[in-house]
There are 2 protein chains.
Amino acid sequence: MNGTGPLVLVVEDEPQVCRFLRAALSSHGFRILEAGTVREAEQLATSHNPEVYLLDLGLPDGDGIDLARRVREWTHAPIIVLSARGREEDKVNALDAGADDYLTKPFGVNELLARLRVALRHSRAGPAEEPVIEVGPLRIDLARREVRIEGREVRLTPTEYRLLTLLARHAGKVLTHRQILREVWGPNATEAHYVRVHMAELRKKIERDPARPQLLITEPGVGYRLRDQLEPG
Amino acid sequence: MNGTGPLVLVVEDEPQVCRFLRAALSSHGFRILEAGTVREAEQLATSHNPEVYLLDLGLPDGDGIDLARRVREWTHAPIIVLSARGREEDKVNALDAGADDYLTKPFGVNELLARLRVALRHSRAGPAEEPVIEVGPLRIDLARREVRIEGREVRLTPTEYRLLTLLARHAGKVLTHRQILREVWGPNATEAHYVRVHMAELRKKIERDPARPQLLITEPGVGYRLRDQLEPG
DNA sequence: ACGGGGCATCAAGGCGGCGTCAAGGCCCGG
DNA sequence: CCGGGCCTTGACGCCGCCTTGATGCCCCGT
């Protein structure tokens, strides 16, 4: 479960806390960078540009507060301070130096994760892009559930839409009758005739000449395939 | 020293804490709104659109968590929860409901002020987004809870308003029946009929010809979507 | 040449989704 | 205590989609 989630830089010199954080974070999909000193932390920060920082104070070669201040000079990535010092003055100094949150040890895993979610919620305010599949002249916008062929919009019934998206997600590859039936009609479906009827409907809507398909290709005796590039003929 | 600084809405029912907060905030230039109940808080929030919220849990007429969730539906203004409950579960719930920070009572004035500075630093960093959604001829002012169609104001019931804002926040995208039910009627709702009835009411109010919808489009077998661009036909 | 299996097409029918109307109950304000 | 607004719930009719069967074609093997 490594390689998908946000990249977090953990700056911490106590091995025990390190292990604790590593377990908590990696089990929730985060990718982790670790630094034990201010020097290491700055190198990793500039080279990898992590999405969020977990910062212990009291490092062997300098103060975490200064590190926070320097990091804040070139990025708005959230910084969460983890510290054994619970004095109010320490918190105020860290927060005013650029930290976004301050947790006093000991703290629970769930609180840490919740505060991480808050931090990431802030930094990801930007709009996310929509997933779109493009195959030849076809364009399928999954979020809008909109299908266009050469720019023109086509209305599809639920079954036709499921058929087409299934084929499009495996563009170029042959899907057997059995695979198609299981994906579109559920694991118990057996009537291969369903596929033929709905494939004909689909061809009426997206093929120039439904009698001579250029996109929805029949593979006799095997299944169907959505052509993903022009072929001779 | 009133009239210059950021407007903060204090939601708190204990008079003693109220006095404490009032003194701490006003002496640092904040302008203050006070509410002792969820009801009051929502009225003041929508009418004055404060820059930041200080929210006590355990109010006489409802849960502060729900208040946070509802406020978060139409603004990104920071919410700082102040609570005597120190359990980790309480913190996680509040933060996941939309709160940006959580202070356990008792806390120091300086820490509160420092965390307020962090919150304001965040909200002023990004482009101050207006709490207004415009989709085609529709204009929804979330702070005023006001809906206009081609300039004319329309009165919506609470359910209709939630339906419309849900669709508007995902303008153009298809929302499934399940998504709509979960967002508007809560995670346990199953009656798809609710959606149909209220969608019909909504159409009566915002469609020119409710029998031929141009805005609230039905996606048969899937759900609904709010059209965000003109289409031929 | 003939027969059979796989495939395409068409049409009929049933069924479920959808829109509409209306009655009943709940909550809140007067 | 009464009244109005709103949500829920049920009934009903329509339309569209899926299913299902019939028919014919093409390709192949015999």
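So that the names make sense, note that chain A is the first sequence line, chain B the second, and so on, each numbered from 1.
Taking atom OH on A:Y161 and atom P on D:dG16, their separation rounds to 22 Å, with Å as the unit. If you measure from atom CG of A:L181 to atom P of D:dC18, you get 14 Å, rounded to the nearest angstrom. Between the CD atom of B:E191 and the P atom of D:dA11 there is a distance of 13 Å, rounded to whole Å. For A:R212 and C:dT9, the CZ to P distance is 11 Å, given to the nearest whole Å.
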B/S/- contact track for nucleotides 11-30 of chain C, protein heavy atom under 4.0 Å: -------BBBS-------S-
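The side chain of B:W185 places an N or O atom within less than 4.0 Å of a non-bridging phosphate oxygen (OP1 or OP2) of D:dT8.
Of the residues near DNA chain D, A:E160 and B:Y194, the one whose nearest nucleotide (by heavy atom distance) lies more toward the 5' end is B:Y194. Of the residues near DNA chain D, B:H198 and A:T157, the one whose nearest nucleotide (by heavy atom distance) lies more toward the 5' end is B:H198.
In this structure, B:R19 does not pair ionically with B:E34, as no charged nitrogen and carboxylate oxygen lie closer than 4.0 Å. Here A:K173 does not pair with A:D228 in a salt bridge; the nearest charged N to carboxylate O distance is not below 4.0 Å. Using a 4.0 Å cut-off between a side-chain N of Lys or Arg and a carboxylate O of Asp or Glu, A:R148 and A:E146 qualify as a salt bridge.
Between B:R162 and B:V184, the closest heavy-atom pair is NH1-O, 3.3 Å.
In this structure, CG on B:L25 lies 10.0 Å from CZ on B:R22, to the nearest 0.5 angstrom.
Classified by interplanar angle (parallel below 30°, tilted 30° to 60°, perpendicular above 60°), the ring pair A:H177/A:Y224 is perpendicular.
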